Amino acid sequence: MSVEQALSIIKPDGVQKNLVGEIVGRFEKAGLEIIAARMIHLSREQAEEFYAVHKERPFFDDLVSYMMSGPVMVLVLQGDSAINANRKIMGATNPADAELGTIRADFAESIEENIVHGSDGPDTALQEIAFFFGDGGICPRTRQDCTK
Ligand code: GDP
């Protein structure tokens, strides 16, 4: 196992359902550390650029509208095999196929409104983290002894 970083997004439906704490709690219980977090409301340009890989798919316009329908929470998770660990905690894209106890099985309404995004590999993780945090905001987990 190696320490990795993954981008997570709590999508507009997750934020609207007030699930930020529930979802972050699941990451932390699994041993993942939050090393960056920011709430933003994506513009159309940002949503289109983030999901550019899907631009030829029939659901692209709906996906972009959904992603800009309300604020999202973007997070960087760090930990052993963080990319796969996060994908396991999220569950399958379609909540109907997601394992019981995963975020999507527990809370998602549909294959589109599926609560969370997570990087699917090391290259996309790097790109996605740079997309949201390229200008800073990653906080390494250091803790100084403040009793001295
Ligand atoms: P993910 O990595 O599990 O999020 O899945 P994908 O990268 O394949 O898809 C990106 C996002 O597009 C998903 O999380 C859904 O929000 C949406 N999506 C994927 N497949 C479909 C689909 O068949 N129909 C619709 N409406 N949305 C979809």
Side-chain angles (χ1 to χ4, degrees), residues 1-139 141:
M1 288 207 287
S2 63
V3 174
E4 292 175 340
Q5 295 178 353
L7 185 86
S8 166
I9 306 179
I10 305 176
K11 294 177 173 182
D13 49 334
V15 171
Q16 184 193 23
K17 290 179 176 181
N18 235 9
L19 292 171
V20 171
E22 168 72 33
I23 291 169
V24 168
R26 290 184 184 211
F27 294 149
E28 292 188 336
K29 279 197 198 86
L32 296 171
E33 296 174 335
I34 311 298
I35 59 162
R38 179 183 297 161
M39 187 169 257
I40 58 169
H41 195 137
L42 295 178
S43 65
R44 176 173 297 281
E45 291 66 32
Q46 284 173 312
E48 285 179 351
E49 194 183 336
F50 184 77
Y51 275 124
V53 66
H54 291 310
K55 68 172 179 293
E56 304 304 334
R57 308 285 283 274
F59 57 82
F60 181 69
D61 287 347
D62 286 345
L63 174 59
V64 168
S65 298
Y66 158 52
M67 289 303 291
M68 50 186 282
S69 66
V72 300
M73 185 90 173
V74 290
L75 306 158
V76 179
L77 309 177
Q78 180 171 278
D80 281 331
S81 305
I83 295 167
N84 277 336
N86 179 39
R87 298 286 302 186
K88 258 188 112 167
I89 297 166
M90 290 163 56
T93 308
N94 187 346
D97 300 330
E99 262 183 61
L100 286 181
T102 60
I103 292 169
R104 285 167 165 171
D106 288 350
F107 304 116
E109 302 284 338
S110 68
I111 191 168
E112 179 176 278
E113 298 219 358
N114 60 4
I115 305 282
V116 277
H117 165 84
S119 305
D120 63 4
D123 294 342
T124 41
L126 277 178
Q127 277 170 24
E128 291 176 356
I129 291 168
F131 185 88
F132 287 108
F133 297 101
D135 59 348
I138 308 266
C139 299
R141 285 296 186 101

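Every number for a ligand or one of its atoms is a count from 1 in the order of the listing. Being a predicted model, the structure only gives us computed values, none of them experimental.
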Do the side chain of R87 and the main chain of G118 share a donor and acceptor less than 3.5 angstrom apart?
yes

Other residues, nucleotides and ligands only: do more than 12 of their heavy atoms fall within 6.0 Å of CD on Q16?
no

Interatomic distance, CG@L75 vs CZ@R38, rounded to 0.5 Å, equals 11.5 Å

Any K11 heavy atom less than 4.0 Å to ligand 1:
yes

Touching ligand 1 at all, D120? Heavy atoms, strictly under 4.0 Å?
no

If you count the atoms of ligand 1 from 1 in the order shown, which ones are under 4.0 Å from a heavy atom of R104?
1 (P), 3 (O), 4 (O), 14 (O)

For ligand 1, which atoms, with element, lie under 4.0 Å from some heavy atom of Y51?
10 (C)

For atom 16 (O) of ligand 1, find the nearest protein heavy atom and state the residue, atom name and distance (0.1 Å precision).
E112 O, 2.8 Å

Nearest non-hydrogen protein atom, atom 15 (C) of ligand 1:
I111 O, 3.2 Å

For the residue pair F50 and F132, does the interplanar ring angle fall in the parallel (under 30°), tilted (30 to 60°) or perpendicular (over 60°) class?
tilted

Side-chain donor/acceptor of E113 to backbone N/O of S110, under 3.5 Å:
no

Please state whether H54 comes within less than 4.0 angstrom of ligand 1, counting heavy atoms only.
yes

Does a side-chain heavy-atom distance below 4.5 Å link I83 with D120?
no

Is there at least one pair of N or O atoms, one from T93 and one from ligand 1, spaced under 3.5 Å apart?
yes

Of all the atoms in ligand 1, which lie at a distance below 4.0 Å from a heavy atom belonging to N114?
13 (C), 14 (O), 15 (C), 16 (O)

Applying ring pair (Phe, Tyr, Trp, His ring centres under 6.0 Å), name anything that partners F59, two or more places apart in sequence or on another chain.
H54

Who gets closest to atom 25 (C) of ligand 1 by heavy atom: F60, F59, Y66?
F59

Return the closest protein heavy atom for atom 11 (C) of ligand 1 as residue, atom name and distance.
L63 CD1, 4.0 Å

Atoms in ligand 1 flagged as close to R87, the criterion being non-hydrogen separation under 4.0 Å:
1 (P), 2 (O), 3 (O)

Taking H41 for its side chain and M68 for its backbone only, find out whether a donor-acceptor pair lies under 3.5 Å.
yes

